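Keep in mind the model is a prediction, meaning the values are calculated, not measured. Sequence lines set the chain letters: A, B, ... in the order given, protein chains first and strands last, and positions in each chain run from 1.
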Amino acid sequence: MRYLPKSPEDRKAMIAEIGVSSIDDLFSQIPGEYRLRRDLRIPRAMAESEIVDFFRQRASENAAGYALFLGAGAYHHYRPVIIDSLISRGEFFTAYTPYQPEISQGTLQVIFEFQSMICELTGMEVANASMYDGSTGATEAAMMAMRLTGRDAVVVASSVHPEYREVLSTYAKYQGVAIATTKFGDDGRVDLAALDEAVTTETACVLVQSPNFFGVIEDVAAIADIAHKKGALLVVSIAEGVSLGVVKAPVEADIVSLEAQSFGVPLSFGGPYCGVIATREKFVRQIPGRLVGETKDKKGRRGYVLALSTREQHIRREKATSNICTNQALLATVATVFLSTYGREGLKELAQQNLAKAAYAASVMGVKTQGAAESKNGAGAGKARVLFSGSPRFNEFVVQTSEDPHHINHRLLEKKIVGGFPLQKFYPELGNAALWCCTELNTKEQIDAAAREVNP
Amino acid sequence: MRYLPKSPEDRKAMIAEIGVSSIDDLFSQIPGEYRLRRDLRIPRAMAESEIVDFFRQRASENAAGYALFLGAGAYHHYRPVIIDSLISRGEFFTAYTPYQPEISQGTLQVIFEFQSMICELTGMEVANASMYDGSTGATEAAMMAMRLTGRDAVVVASSVHPEYREVLSTYAKYQGVAIATTKFGDDGRVDLAALDEAVTTETACVLVQSPNFFGVIEDVAAIADIAHKKGALLVVSIAEGVSLGVVKAPVEADIVSLEAQSFGVPLSFGGPYCGVIATREKFVRQIPGRLVGETKDKKGRRGYVLALSTREQHIRREKATSNICTNQALLATVATVFLSTYGREGLKELAQQNLAKAAYAASVMGVKTQGAAESKNGAGAGKARVLFSGSPRFNEFVVQTSEDPHHINHRLLEKKIVGGFPLQKFYPELGNAALWCCTELNTKEQIDAAAREVNP
Amino acid sequence: MSERENPAASDQIRKVRPHPSQNEGLIFERSSPGKAAYMLPPLDVPAVDPSAALGNSARTEDARLPEVSEFEIIRHFTRLSTWNYAIDLGMYPLGSCTMKYNARVNEVVARLDGLANAHPYQPQEVSQGALRILQTLSEQLIEITGMDAITLQPAAGAQGELTGILLMRSYLEAQGNPRKKILVPDSAHGTNPATAVTCGYAVENLKSNSSGMVDIEALTRQMNEDVAGLMLTNPNTLGVFESDIHKIAAIIHEKGGLVYMDGANMNALVGKARPGDFGIDVMHMNLHKTFSTPHGGGGPGSGPVACKKILEPFLPVPVIVTQADGSLAFDYDRPQAIGRVRMYYGNFGMHVRALAYIQANGPDGLRQTTEDAVLNANYIRKKLEDVYELPFKAPSMHEVVFSHRLQAPRGVKTGDIAKRLMDYGFHPYTTAFPAIVADHGAIMIEPTESEPKEEIDLFIAAMRSIAQEAQDNPEIILTAPHTTRVLRMDETTANRKPVLRYAHQAKVPAE
Amino acid sequence: MSERENPAASDQIRKVRPHPSQNEGLIFERSSPGKAAYMLPPLDVPAVDPSAALGNSARTEDARLPEVSEFEIIRHFTRLSTWNYAIDLGMYPLGSCTMKYNARVNEVVARLDGLANAHPYQPQEVSQGALRILQTLSEQLIEITGMDAITLQPAAGAQGELTGILLMRSYLEAQGNPRKKILVPDSAHGTNPATAVTCGYAVENLKSNSSGMVDIEALTRQMNEDVAGLMLTNPNTLGVFESDIHKIAAIIHEKGGLVYMDGANMNALVGKARPGDFGIDVMHMNLHKTFSTPHGGGGPGSGPVACKKILEPFLPVPVIVTQADGSLAFDYDRPQAIGRVRMYYGNFGMHVRALAYIQANGPDGLRQTTEDAVLNANYIRKKLEDVYELPFKAPSMHEVVFSHRLQAPRGVKTGDIAKRLMDYGFHPYTTAFPAIVADHGAIMIEPTESEPKEEIDLFIAAMRSIAQEAQDNPEIILTAPHTTRVLRMDETTANRKPVLRYAHQAKVPAE
Ligand SMILES: Cc1ncc(COP(=O)(O)O)c(C=O)c1O
Ligand SMILES: Cc1ncc(COP(=O)(O)O)c(C=O)c1O
């Protein structure tokens with residue numbers, strides 16, 4: 001086998017040295033009846049060229065090279081090529097968790113820079129080294145709020161990504177957590193009155209997403225007031241990090257859970273992505289996951305170490321803040337390179353381009369409408385409608401059509417365009433609605449072509 | 001500009017420090033009338049994504065993904081992916097020539113390994129650090145032979161790659177070198193009798209290629225005898241390095257010039273490739289180009305340095321063995337990784353696969369014929385003929401057809417197949433003949449499909 | 001500090017030599033207004049004024065991200081990278097972490113356009129390639145584990161544990177009673193108890209017997225109808241196969257419980273034995289261990305969970321199904337499913353890599369891999385057992401755990417030996433667990449199959465040399481490392497007054 | 001050796017610190033029969049027995065290539081790479097070499113399938129993309145140089161020189177007399193005289209004047225009808241622009257000669273001045289210098305040659321032409337062409353990279369690049385001119401040349417200072433030329449535009465510190481470097497008894 005660095009001679013010598021007569025002697029601790037006496041029923045070893053061919057073929061069965069108008073928690077941004085150049089260095093991608101700081105300063109410093117950038121973006125004071133993704137990050141943030149408040153109930157906005165909410169439910173179910181879902185208004189934002197009603201003195205936290213699942217930016221300050229009034233914390237989940245180039249940081253939040261996929265992490269059919277939790281300094285001892293801190297070595301030279309690890313499972317075991325161990329370090333590295341590349345001005349300009357593309361696309365795809373109400377009688381043959389158009393939004397918008405969006409998408413596929421995400425499954429109340437996303441990668445030409453099929 | 005690491009502040013501070021009032025003051029040595037007062041008339045700066053798009057589009061205008069049956073000096077072999085992983089390390093590809101051994105041991109040791117492998121392959125005693133390519137390598141080898149013999153004439157076989165011969169002519173023309181071209185026989189090999197006649201006591205060297213341009217393996221021993229008899233040296237040029245896995249090393253040669261492109265260097269529309277010259281130890285002081293030698297540092301630790309550089313232009317100036325300076329070091333690194341990957345057994349097996357593929361392709365494409373004689377009356381509608389089929393050959397063969405091979409190729413292109421190289425241009429005497437090449441990458445399916453068009 | 005002048009120059013250190021490494025500040029410290037590494041194509045639609053569009057949701061304070069040029073980014077991260085140890089540089093014998101070769105072809109195929117740029121919500125008709133990969137990997141992992149069904153959704157081992165325990169819980173709940181406790185051996189990895197609690201179970205500690213194995217009698221005593229099941233690592237964290245596994249499973253099953261296997265140590269079993277055959281009901285694998293996906297400095301990973309038929313109905317949604325026309329689809333209509341443990345379908349990029357690894361190996365290669373891993377561990381054991389104490393003597397599989405008992409009298413602890421190994425050019429072994437090694441003095445060594453004999457011999461020589469130093473000159477160990485670009489870190493201050501982010505200086509004007 | 005204990009720990013050394021680097025033998029020393037890093041797909045056609053097929057042309061003795069596993073290859077070359085200095089790691093101020101940032105996007109586009117796998121003989125109808133790249137680059141280089149025509153064929157600068165001189169020769173020959181001599185200034189790079197000889201010319205040395213520039217009177221004296229022309233580097237190798245270039249060209253042209261410009265120093269001119277405008281007839285560029293294609297540890301390069309209209313007919317075949325239908329084609333039918341200087345069309349992969357570089361810059365970026373390069377050199381000059389002698393005082397462009405005259409009395413030569421720079425974390429400057437610096441004591445520094453002010457300040461501090469050491473403690477310089485993994489090499493033995501290949505040991509059985 002080509003990865004194995006041993007010759008038959010080597011093996012023979014080592015077996016002799018150990019003092020057994022054959023390699024199988026070393027497996028004698030496994031009862032005979034459980035030893036596999038046959039080959040695994042998997043295909044024969046393949047040559048490298050065959051493996052590449054296999055995956056090339058699989059790749060060609062996907063929508064490679066199509067114009068993409070999907071967002072919904074996974075965003076298609078240009079990935080500067082230096083990202084892969086840098087993370088392809090074996091020193092980064094073949095290293096383990098930096099438990100030994102003397103020979104892991106590279107990873108440690110990168111993560112420290114990552115944490116610092118996340119703080120800058122979110123307006124928070126501390127950030128961790130990463131979580132699995134936005135969905136588990138939001139869930140862990142809610143659990144963190146429960147620990148901080150000693151309360152057991154969570155109020156979650158229905159405009160939070162439906163799959164995030166499903167994850168939250170799964171985690172909450174067996175911990176006796178009560179989850180209340182609160183609705184969005186005609187403007188596509190959290191219905192503040194309903195929220196006010198839902199939040200009680202039992203509420204550990206309110207969880208909202210901004211921009212929310214419809215691309216609409218929530219009134220975070222108002223939501224914070226409602227939560228804080230009852231002693232609940234506010235958790236803001238952000239699925240589209242690039243929005244932070246133009247959207248106000250959720251400084252009124254107590255915990256921010258960010259999905260950093262937009263920062264250079266490939267779409268990769270949904271993973272691996274890169275969650276991260278940021279919060280206020282005073283809450284740091286309840287933050288889950290790893291943290292990198294700055295310190296000095298014994299000669300006084302600056303360096304970095306894993307900090308506050310008494311929060312974690314490998315020390316605290318069943319009393320840990322989370323069971324997370326392996327995280328998303330390499331993708332945090334990706335995000336750090338991405339954010340260094342765009343920098344202070346670039347992230348702004350990038351976000352502005354996203355804003356402009358989505359605004360243009362919305363303008364050519366449908367007429368503006370305030371709410372979802374019209375959806376009920378949306379059978380008319382009129383032009384498509386852009387819902388929630390009175391609310392501030394970033395790079396996503398909801399288009400309501402008389403035609404089933406699956407049909408539209410089918411037509412679009414023939415033009416090598418992947419259309420918006422049909423919302424029926426998660427929001428049947430919106431009727432024939434689809435969630436469209438435009439990033440800097442969607443050209444005017446693509447947008448115009450798509451608009452023609454939406455309104456044929 | 002995104003590559004430039006200076007802020008306006010930095011520039012201002014440095015200009016002030018220098019004591020000039022503006023950057024243009026630093027260009028005052030250039031007479032005003034020669035200063036360019038306008039922008040260069042080239043397109044505006046492009047974003048990285050635009051550059052990638054531009055080249056993607058260009059790439060799509062080429063024959064990407066076609067089955068390829070071309071050789072003729074440039075061979076299509078599988079490139080193990082570790083090659084690019086390794087040479088993409090900045091420590092290799094962004095280093096300069098290893099003039100400072102203390103901080104260049106990486107490059108130096110790789111080149112030493114390269115030289116050693118080339119010696120193993122060619123049966124020679126020393127090899128240099130690389131030449132530009134096979135064509136200039138063969139030319140420089142001939143010039144080396146002239147220095148070694150003090151003679152001025154070269155006899156070159158017409159079965160040497162025609163473009164190699166053109167390069168030789170260009171270099172020779174102004175140095176008063178007489179070049180005699182000697183013909184191939186009906187078996188596609190050097191006509192030994194004609195050669196014997198062409199070689200005189202003025203002949204510095206005989207230059208042959210093996211496998212030759214038709215893929216036929218020359219009788220190197222017999223040719224060496226003829227050359228040596230007259231005191232001439234034998235230079236053997238090898239364009240297809242993989243052949244050395246099954247073809248006898250040209251140990252009777254005095255100088256071997258090898259094109260190492262086959263060892264993992266991409267086709268890249270003809271360059272950069274990787275020439276290398278190997279020879280006997282006694283001739284080493286006339287070898288052109290760089291050499292890496294083993295030595296010890298002052299603490300006795302093994303290390304490598306550029307050796308015998310008094311041969312080279314930077315020391316010897318107009319008396320140098322060649323004007324070469326920049327060589328093909330990174331591609332020598334590629335070849336070293338490739339040869340390490342295949343290794344002793346792998347290169348053999350690889351060569352055997354090439355042999356088998358070409359044999360199969362020849363068998364399905366045409367009937368065997370000994371010589372080129374039949375070409376004269378090739379207007380018949382019979383099956384295509386494989387020329388020179390009695391001679392040993394590696395992975396190339398000549399197919400003679402009644403139809404113009406350009407027409408055949410045109411048909412093949414529609415099937416996404418790039419057919420053999422039409423020989424009319426270089427060898428009109430062969431009539432409707434084309435040079436086909438099959439490597440391990442040509443599947444039976446491709447071969448069968450191509451054969452169907454050759455004999456429709 | 002020892003009297004010896006230069007501990008780096010010890011004759012025993014044959015693996016490394018000092019060489020200059022570049023210093024480098026924080027990326028923020030390179031920042032200066034006006035530098036930029038980006039350029040966007042010209043906007044081809046009308047520009048939008050953010051404050052007009054967003055009102056008071058518009059950002060007014062810039063995030064103070066660094067402003068640097070592209071080349072500075074290349075230099076910055078390249079320099080930083082050179083401060084890391086990595087599997088590409090040398091042996092990384094971290095027990096339980098399975099630091100094996102991360103094949104480059106895996107990286108290449110994961111980056112193919114149609115895979116890396118596939119959106120999770122793109123229509124299934126243009127996702128057949130991705131679905132086929134998920135299905136192929138699923139089938140092969142099922143065959144490798146001997147189980148009946150699988151989910152690839154969990155993001156890492158710990159999330160695999162969570163998924164597996166939730167499967168158990170849902171199953172038991174469907175039977176009428178989810179029960180209250182999970183048994184976890186004291187030798188278990190920290191994620192095991194942490195997970196059990198996250199799933200709403202109380203953790204009941206299961207003491208190991210004097211051989212470090214499950215104490216059958218204690219187990220029998222502790223197992224009852226309140227116990228949902230057992231979380232077992234097999235081979236356990238001492239690298240020993242629980243040879244009574246059939247009895248263990250029987251005891252649990254008899255009381256209606258289920259056996260969860262932490263599959264972190266599957267590198268000892270692949271192709272040689274299958275958990276599904278020896279009584280395991282549900283287990284996770286760490287693709288970033290056994291199946292060679294890169295650790296990346298801490299992640300990402302992937303933790304598929306395989307289970308027996310009885311647990312299949314509870315697998316997270318979606319699962320992949322073959323439709324009538326032969327095409328593949330996601331099935332969300334699974335009323336008994338535990339829900340989701342993360343969005344989308346899991347760490348697809350890791351699935352691609354793991355499948356490529358299995359393809360490169362085939363049945364022969366996987367078996368040989370396991371054999372080599374076990375061979376390496378036993379060779380090390382044999383060559384070190386006279387100088388380091390073996391606290392538990394049962395035969396080792398893919399890893400071997402020593403203790404520092406012989407060195408402790410000289411003040412030398414496992415953590416010190418670990419630091420000294422760095423001077424010898426090695427990444428240390430695992431020191432943090434298993435906690436059942438007396439004194440917590442574990443020296444947990446997992447070489448994996450990826451180490452050539454030569455590298456292992458150097459490691460053995462280094463460990464023996466350090467053992468000798470512990471006798472002759474313990475100080476040199478206690479103050480190690482001596483040769484790294486930074487020395488031991490002040491972790492106390494790092495924890496007492498944590499500095500977790502860059503504090504901007506005047507250079508970047510605050511707004 | 002100096003008395004100071006640890007020259008690596010000098011307070012002045014702020015740029016680097018020692019860190020362990022892995023040792024590694026020759027790849028042959030890892031070899032062992034039965035290991036293999038390759039696997040071929042099963043053969044899908046009948047196997048052929050080589051000895052049957054090839055008779056006595058069949059190979060009977062194996063090439064003793066190493067037998068190793070894939071992972072060992074990754075480790076081997078990764079470890080080796082860490083012993084190299086590289087532009088990615090730090091400033092590489094080699095004068096005349098223009099060690100600038102090698103942008104990563106260049107590497108990406110050069111590896112695109114349709115480019116990297118394009119065969120040079122594939123039909124032109126399926127090569128239009130490649131041809132378009134060649135044509136676009138040609139047009140842009142013509143605009144940048146202010147010339148009329150170009151060939152991209154030459155493989156590197158030296159071959160560009162050869163091509164250019166052959167163009168001159170063919171032109172003169174077509175006029176009736178190729179002439180006998182080429183004038184080459186004594187400050188020229190070694191390839192210039194070597195090339196002239198290769199083209200069949202005698203080299204006549206042209207002495208520089210006391211400012212290191214072309215001596216106009218000497219030139220007038222030496223120029224006559226025997227002289228084919230002048231090979232001039234401008235800016236010259238001292239980094240000084242020959243401001244009398246118009247006079248120089250006039251003197252040559254008046255006698256029917258031609259002016260060849262070695263364009264190695266184009267990084268001082270791009271976007272600021274064009275050789276075609278100041279009297280140059282023919283010139284080469286080094287794409288691996290000015291246009292950022294990577295040096296790769298010595299190559300590959302690319303040396304396009306641009307020329308005036310009168311030389312165009314002589315350009316090597318093929319040239320690119322636009323056909324009636326707008327498609328591009330190679331034209332081989334050029335009766336006056338000098339022939340070919342290499343096979344195919346030149347180093348296409350480098351052409352791709354150079355074009356990507358130009359595209360990334362645009363007119364503004366190219367001009368700014370040149371300005372920054374000149375700014376950096378002048379800043380260094382200003383900051384070092386009080387401690388290192390400036391042998392020639394004319395204003396510097398993109399590089400500055402000092403001498404070791406102030407240090408030589410203490411026994412410290414340019415080569416020693418160069419070695420000491422390594423301890424300070426820098427690659428040395430160029431020491432080998434220009435030979436006209438008295439004593440050959442040149443300190444030739446070209447920072448390029450790629451260096452940030454911070455890195456340059458560290459370089460200046462290092463150079464100043466070494467100047468101080470030359471006064472206080474010359475020994476520390478003479479024995480430098482002290483911190484690198486190998487120290488000064490025994491080059492004498494390497495040249496006297498050259499060992500140029502690995503000598504196989506018994507381990508690999510000879511056949
Ligand atoms: C035995 C054991 N179980 C579980 C885990 C947790 O796996 P992960 O880090 O993938 O979450 C580990 C990881 O180190 C482990 O060693
Ligand atoms: C001034 C000068 N001329 C010519 C050359 C030769 O160029 P190349 O190395 O590309 O052949 C060089 C390269 O160092 C040079 O500096």
Side-chain angles (χ1 to χ4, degrees), chain A residues 1 5 10 29 34 39-40 45-46 55 58-59 61-64 70 86 90-91 93-95 97 102-103 105-107 116 120-121 132 135 163 166 170 174 217 246 266 268-272 293-295 297 303 313-314 317-318 320 323 326-330 341 343-344 346 356 360 392 444, chain C residues 37-38 44-45 48 50 54 57 63 65 67 77 80-81 83-88 109 112 114 116 118-120 126 128-130 155-156 158 190 193-195 200 203 241 278 294 296-301 339-340 343-344 347-349 359 362-363 365 379 452-453 484 486-487 494 499 501-502:
Chain A
M1 205 283 132
D10 291 335
Q29 181 83 352
Y34 302 133
D39 279 357
L40 286 169
M46 286 162 68
F55 285 102
R58 297 294 80 72
E61 293 158 7
N62 291 338
L70 286 171
L86 289 168
E91 290 89 334
F93 91 94
T94 79
T97 305
E102 298 87 349
I103 50 176
Q105 284 298 306
T107 297
S116 303
E120 283 297 325
L121 288 167
Y132 298 140
S135 69
E163 295 199 12
E166 289 178 34
T170 304
Y174 304 103
I217 298 157
V246 288
S268 196
F269 207 56
E294 185 174 302
T295 185
D297 79 353
Q313 47 72 29
H314 67 280
R317 300 180 74 86
E318 62 266 29
N323 73 336
T326 288
N327 62 9
Q328 308 292 111
L330 195 67
T341 303
R344 182 176 187 143
Y360 173 76
K444 179 170 179 302
Chain C
Y38 79 98
D44 60 357
V45 297
V48 169
L54 304 179
S57 297
L65 299 173
E67 294 176 84
F77 290 96
L80 260 53
S81 76
W83 307 345
N84 274 359
Y85 194 90
I87 185 79
D88 279 7
V109 296
L112 289 172
H119 192 284
V126 288
Q128 289 298 308
T195 298
V203 171
F241 190 88
F278 55 68
R340 290 183 160 278
M343 59 184 180
Y344 309 132
N347 285 344
F348 177 75
Q359 289 177 333
Y379 182 75
K453 180 168 180 298
T484 48
V486 291
L487 305 182
V499 176
R501 63 179 290 194
Y502 172 68

Next item on the list: Work out which heavy atom in C:L54 is nearest to a heavy atom in A:V246; give both atom names and the distance.
Entry: CD1-O, 3.5 Å

Check: Can you name the nearest heavy-atom pair linking A:Q105 to C:W83, along with the distance?
Finding: CB-CE3, 3.6 Å

Next item on the list: Measure from the side-chain N and O atoms of A:N62 to the backbone N and O of C:A130, and report whether any donor-acceptor pair falls under 3.5 Å.
Entry: yes

Notebook entry, point to check: Counting heavy-atom pairs under 4.5 Å to chain C, which of A:G293, A:G346, A:G271, A:G303 comes out on top?
Noted result: A:G271

Notebook entry, point to check: Taking C:G339, C:G349, C:G200, C:A194 one by one, which has the highest count of heavy-atom pairs under 4.5 Å against chain A?
Noted result: C:A194

Next item on the list: Could you check which of A:G90, A:G343, A:A320, A:G270 has the highest count of heavy-atom pairs closer than 4.5 Å to chain C?
Entry: A:G270

Next item on the list: Please determine, among A:A64, A:P5, A:P392, the option with the most heavy-atom pairs under 4.5 Å with chain C.
Entry: A:P5

Notebook entry, point to check: Do you know which of C:G298, C:A63, C:P294 has the most heavy-atom pairs with chain A at a distance under 4.5 angstrom?
Noted result: C:G298

Notebook entry, point to check: Relative to chain C, which segment of A:L86 carries a heavy atom at a distance below 4.5 Å: side chain, backbone, both, or neither?
Noted result: side chain

Checklist line | Top of C:A156, C:A118, C:G114 for chain A proximity - count of heavy-atom pairs under 4.5 angstrom | finding: C:A118

Next item on the list: Answer yes or no: is there a donor N or O on one side and an acceptor on the other, between the side chain of A:S116 and the main chain of C:R501, under 3.5 Å?
Entry: no

Next item on the list: Tell me, out of C:G299, C:A158, C:G301, who's got the most heavy-atom pairs with chain A below 4.5 Å.
Entry: C:G299

Notebook entry, point to check: Taking all atoms of both residues into account, what is the closest heavy-atom pair of C:N84 and A:G106, and its distance?
Noted result: OD1-N, 3.0 Å

Item checked: Which of A:R58, A:E120, A:E61 touches chain C most, by non-hydrogen pairs under 4.5 Å -> A:E120

Notebook entry, point to check: Looking at C:A86, C:S57, C:G296, which has the largest count of heavy-atom pairs under 4.5 Å with chain A?
Noted result: C:G296

Check: What are the two closest non-hydrogen atoms of C:A116 and A:P266, and how far apart are they?
Finding: O-CB, 3.5 Å

Notebook entry, point to check: Which bit of C:L112 comes within less than 4.5 Å of chain A, counting heavy atoms only: side chain, backbone, both or neither?
Noted result: side chain

Note to self: Quick one, A:Q328 and C:N347 - any side-chain contact, counting heavy atoms below 4.5 Å?
What the structure shows: yes

Next item on the list: Identify which part of C:V486 has an atom lying under 4.5 Å from any heavy atom of chain A, answering side chain, backbone, both or neither.
Entry: both

Margin query: So, taking the atom named CG in C:L80 and the one named OG1 in A:T107, what distance separates them when rounded to the nearest 0.5 Å?
Written below: 8.5 Å

Next item on the list: Kindly say whether A:N323 contributes a backbone atom to a donor-acceptor pair with the side chain of C:T195 at under 3.5 angstrom?
Entry: no

Note to self: Give me the atom names and distance for the closest heavy-atom approach of C:P300 to A:L330.
What the structure shows: CD-CB, 4.0 Å

Item checked: Closest approach of C:A155 to A:Y132 (non-hydrogen atoms, all atoms of both residues) -> CB-CG, 3.5 Å

Next item on the list: Answer with side chain, backbone, both or neither: which region of A:F269 has an atom nearer than 4.5 Å to a non-hydrogen atom of chain C?
Entry: both

Notebook entry, point to check: What option among C:A494, C:A37, C:G190 has the most heavy-atom pairs under 4.5 Å with chain A?
Noted result: C:G190

Notebook entry, point to check: Quick one: of A:E294, A:E318, A:H314, who has the most non-hydrogen atom pairs under 4.5 Å with chain C?
Noted result: A:E318

Notebook entry, point to check: How long is the gap from CE on A:M46 to CD on C:Q359, to the nearest 0.5 Å?
Noted result: 4.0 Å

Check: What residue, out of A:D39, A:T97, A:D10, A:T94, has the most heavy-atom pairs lying under 4.5 Å from chain C?
Finding: A:T94

Margin query: Rounded at 0.5 Å granularity, tell me how far CD in A:Q29 sits from CZ in C:F241.
Written below: 8.0 Å

Item checked: Contacting moiety of A:M1, where chain C heavy atoms sit under 4.5 Å -> side chain

